[in-house]
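As structure tokens, the structure follows; a few thoughts come after it.
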Amino acid sequence: MLEARLQTGALLKKVLEAIKELITDANFDCSDNGIALQAMDNSHVALVALLLRHDGFEPYRCDRSLALGVNLVSLSKVLRCAGNDDIITLKADDTADVLSLTFENTDNDRISEYELKLMDIDSEHLGIPDTTYEAVVQMSSAEFARICKDLQVLSDSVQIDVTKEGVKFGAKGELGSGAVTLKQNGNVDKEEEATLIELQQNVSLNFSLKYLVNFTKATPLASRVSLSMSSEVPLLVEYKMEAGYIRYYLAPKIGEDN
Amino acid sequence: MATSSQQRICIGPKVPTHADNPITMLLPCPSSGLPARYVIQDGGLYEMQMVDSEGLRSWFVGDTIQSDGALYLITPFDPVFMLIPILDTMRQKTADAEGRFLMLEGIFGSCSDQYPSLRHLADLKNIDKYLALVCDVRDSKSASMRTFRLDDEKVMEWLKKKVDVFVSKFETIPALVDSIAYTESLPEACRSEAITQSALKLISANLSDSWATKLSANYQFPELDKLESRTQLPNMSDYGKRSGMDLDDEPKAKEVKKPKMSVGQRKLAKASTAGMKPMTSFFAKKT
């Protein structure tokens with residue numbers, strides 16, 4: 001059985017907002033280690049991997065590995081019934097028929113209980129190896145969201161060029177063209193806004209902006225985002241949380257001259 | 001069994017009252033080669049496994065609480081599994097030479113830089129007999145001059161026998177019978193293949209990859225392969241994870257109506273994925 005109590009319910013709400021725009025149904029794989037989810041979007045060109053580690057919950061208990069098949073739209077609807085300050089407790093027994101959610105509000109002694117029907121989902125897990133990327137850019141997550149939104153006006157795809165001087169996001173379309181360049185800086189005053197680049201080799205890759213904009217739904221989860229790139233392998237967009245992460249992988253567009 | 005002043009909770013075999021103190025030691029795990037904990041007591045080899053609580057659980061012992069919540073399991077371990085990889089490295093077989101014969105001390109003595117505890121294996125009861133099961137033995141005039149060299153054919157014979165023993169005892173172990181429950185509605189030929197396959201997997205769990213591949217080359221599962229092409233069989237790793245696995249699930253899946261898409265997904269549906277390869281071409285499916 002699973003029992004996981006989360007002090008800040010807002011976290012779970014934000015996590016759901018971040019993944020429900022990409023995937024419909026998915027298994028929450030619960031184990032000793034925490035709650036994990038891995039799923040691909042309908043076109044199979046993007047993948048999301050979520051981990052909520054056990055130490056993010058207090059208490060966390062999972063005696064046996066469980067796969068909870070959830071429709072994410074339904075779950076996010078139920079979570080909308082929870083306040084941002086509510087304590088959320090997730091419970092499921094070994095049969096994994098329903099997921100019970102309890103929202104406790106300590107201010108006005110309100111307790112609400114919901115049960116969500118679960119389903120059997122055939123999921124294929126992909127083994128994602130730990131790789132060293134040619135370029136890793138760490139930047140403000142809000143800045144990344146803004147760049148993607150702005151460039152979407154011009155084109156459906158963005159070219160990301162990383163050199164040791166900085167990272168350039170460029171888009172070209174019928175309307176015209178545009179580019180945003182962020183210089184590498186170790187801005188000590190505003191650590192949250194600094195752009196940091198670790199580079200083995202310059203990279204230049206094209207990605208679908210619609211997908212990147214979709215990934216930025218995770219912006220409320222973390223103030224920083226890291227973009228890891230190597231030529232001809234999927235881009236990794238990672239938002240790190242206090243006890244866990246949300247990682248998006250996106251296949252590059254190959255053979256397109258922008 | 002208290003190995004030190006620290007108390008642990010442990011399930012192990014019954015120990016005679018006058019038995020020697022157990023020796024716990026690190027030895028290379030036969031399948032991975034990584035260090036793992038083993039116990040020798042009264043000339044027998046035991047494998048020690050720990051169910052780690054990662055600090056999340058503790059034990060009640062009488063009226064006290066013990067903070068170490070781990071459970072230790074000590075089970076007899078066939079020394080031959082341990083011997084195969086050691087002998088394999090020690091004989092120094094090359095493409096054109098069969099390798100060298102070694103005396104008992106030579107086998108466990110010189111390779112002990114990383115694992116000094118290996119020398120304890122030489123003290124196991126009937127170690128000569130265990131070695132003879134998988135080795136060519138050369139007897140010199142005095143018994144103490146016996147030398148051994150791993151013999152691939154003997155190893156295969158022994159492993160196959162081991163599989164046979166497992167198959168014959170299979171039905172007596174409920175957990176194993178449950179693991180092949182999916183074959184209940186299938187023909188007998190299929191079921192017996194599933195039993196052999198399961199036994200093979202359990203034996204291979206104690207072998208290095210190269211030996212496991214060699215062993216499995218001796219077995220074919222035509223009926224299961226036929227079945228596999230029709231439906232995906234649950235493998236051992238699924239066992240225990242999913243309850244109520246039902247092969248009749250397939251027709252139901254078709255009735256499921258197309259799930260509604262969220263706003264973001266509808267937007268993505270319009271996105272051009274030209275020039276983008278699917279994730280499965282970058283990352284391999286887990287089996």
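Residue numbering restarts at 1 for every chain, and letters A, B, ... go by the order of the sequence lines.
Shortest non-hydrogen contact noted between B/Gly264 and A/Asn214 is O-ND2, 3.7 Å.
Contact annotation: the side chain of A/Pro252 approaches that of B/Phe282 to within less than 4.5 Å [non-hydrogen atoms, C-beta and beyond].
A salt bridge links A/Asp32 to B/Arg57: one of the charged nitrogens lies within less than 4.0 Å of a carboxylate oxygen.
Distance check, rounded to the nearest 0.5 Å: CD of B/Gln265 to CG of A/Leu72 gives 8.0 Å. From A/Ile23, atom CD1 reaches atom CG of B/Leu268 across 11.5 Å, with rounding to the nearest 0.5 Å. Rounded to the nearest 0.5 Å, atoms OG1 (B/Thr273) and OH (A/Tyr211) are 6.5 Å apart.
At a heavy-atom separation below 4.5 angstrom, chain B is approached by A/Met40 within residues 34-41 of chain A. For residues 226-235 of chain A, a heavy-atom distance under 4.5 Å to chain B picks out A/Glu232, A/Val233, A/Pro234, given by residue number.
Side chain of A/Lys210 to main chain of B/Ser272: no donor-acceptor pair is present (N/O by atom type, distance under 3.5 Å, no hydrogens or angles).
Counting heavy-atom pairs closer than 4.5 Å to chain A, the top residue among B/Lys267, B/Lys277, B/Met279 is B/Met279. With chain B as the partner, the residue from A/Pro59, A/Ala46, A/Ser76 showing the most heavy-atom pairs under 4.5 Å is A/Ala46.
Among residues two or more places apart in sequence or in another chain, the side chain to side chain contact (heavy atoms under 4.5 Å, CB included) test is passed with B/Ala205 by none. Annotation: salt bridge (charged side-chain N to carboxylate O under 4.0 Å, His left out) contacts of A/Asp63 (sequence neighbours excluded): A/Arg61.
When heavy atoms are compared at a cutoff of 4.5 Å, B/Ala284 approaches chain A solely by way of its backbone atoms N, CA, C and O. Proximity to chain B is limited to the side chain of A/Asn42, based on heavy atoms less than 4.5 angstrom apart.
Note: B/Phe283 and A/Tyr249 meet the aromatic proximity criterion, with ring centroids under 6.0 Å apart.
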